[in-house]
Amino acid sequence: MIQMNNPTLSDLLNIALGGIVKQSLLEVLGDTGLLAPTSNAEERYFDVSQAAKFLKIPKSTLYSYTSGRLIPHYKRGKRLVFKQSDLEQWLTDSKKKTISEIEAEVYSSRSKKGGKK
């Protein structure tokens, strides 16, 4: 714990370096497009390369998804654009349920219908 009324050199270095590291990380993440928007009003859009990097898939797979209309995207002329919030929602929606989740739904629906005891 840092004693602010009598800080040691180590305390001061931790404070100074912590701020420098944090600022550097924010700059790097902001430049790479990996930093989430700071407010809801500021929506982030990706081109094909950025979207593929965000999703961690090859660009060829992303093109395949768009041609099959499997992933949300916008097309302006020949340019494909992806909204970060749409991609995040798409990832969430494509979540596969675990066996435990499926069993819980089955038991829940049986108890609601007054199934056999």
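- Side-chain contact check for Leu55 versus Phe82: every heavy-atom pair is 4.5 Å or farther apart.
- Applying the side-chain hydrogen bond (donor to acceptor under 3.5 Å, both in side chains) test to Thr61 and every residue at least two apart in sequence or in another chain returns nothing.
- By the side-chain hydrogen bond (donor to acceptor under 3.5 Å, both in side chains) test, Glu103 pairs with no residue at all, sequence neighbours left out.
- Hydrophobic side-chain contacts under 4.5 Å tie Tyr45 into a cluster, directly or through other members, with Tyr74, Val81.
- You'll find the side chain of Tyr65 reaches within 4.5 Å of the side chain of Trp90, heavy atoms only.
- Residue pairs satisfying the salt bridge (Lys or Arg N to Asp or Glu O under 4.0 Å) criterion with at least one member in residues 89-102, sequence neighbours excluded, are listed as follows: Lys95-Glu101, Lys97-Glu105.
- Pairing each heavy atom of Lys59 with each of Val48, the nearest pair is CD-CG1, 3.9 Å.
- When side chains are defined from C-beta on, Pro72 does not count as touching Lys83, because their heavy atoms never get closer than 4.5 Å.
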Which is it for Asp47 and Leu80 under the side chain to side chain contact (heavy atoms under 4.5 Å, CB included) test, yes or no, and what are the steps along the way? CA-CA 6 Å; Asp47 62 18; Leu80 287 170; over 6 Å; no
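- In this structure, Arg79 CZ and His73 NE2 are separated by 13.5 Å, a value rounded to the nearest 0.5 Å.
- Not a single side-chain contact (heavy atoms from CB on, under 4.5 Å) links Ser64 to another residue, sequence neighbours left out.
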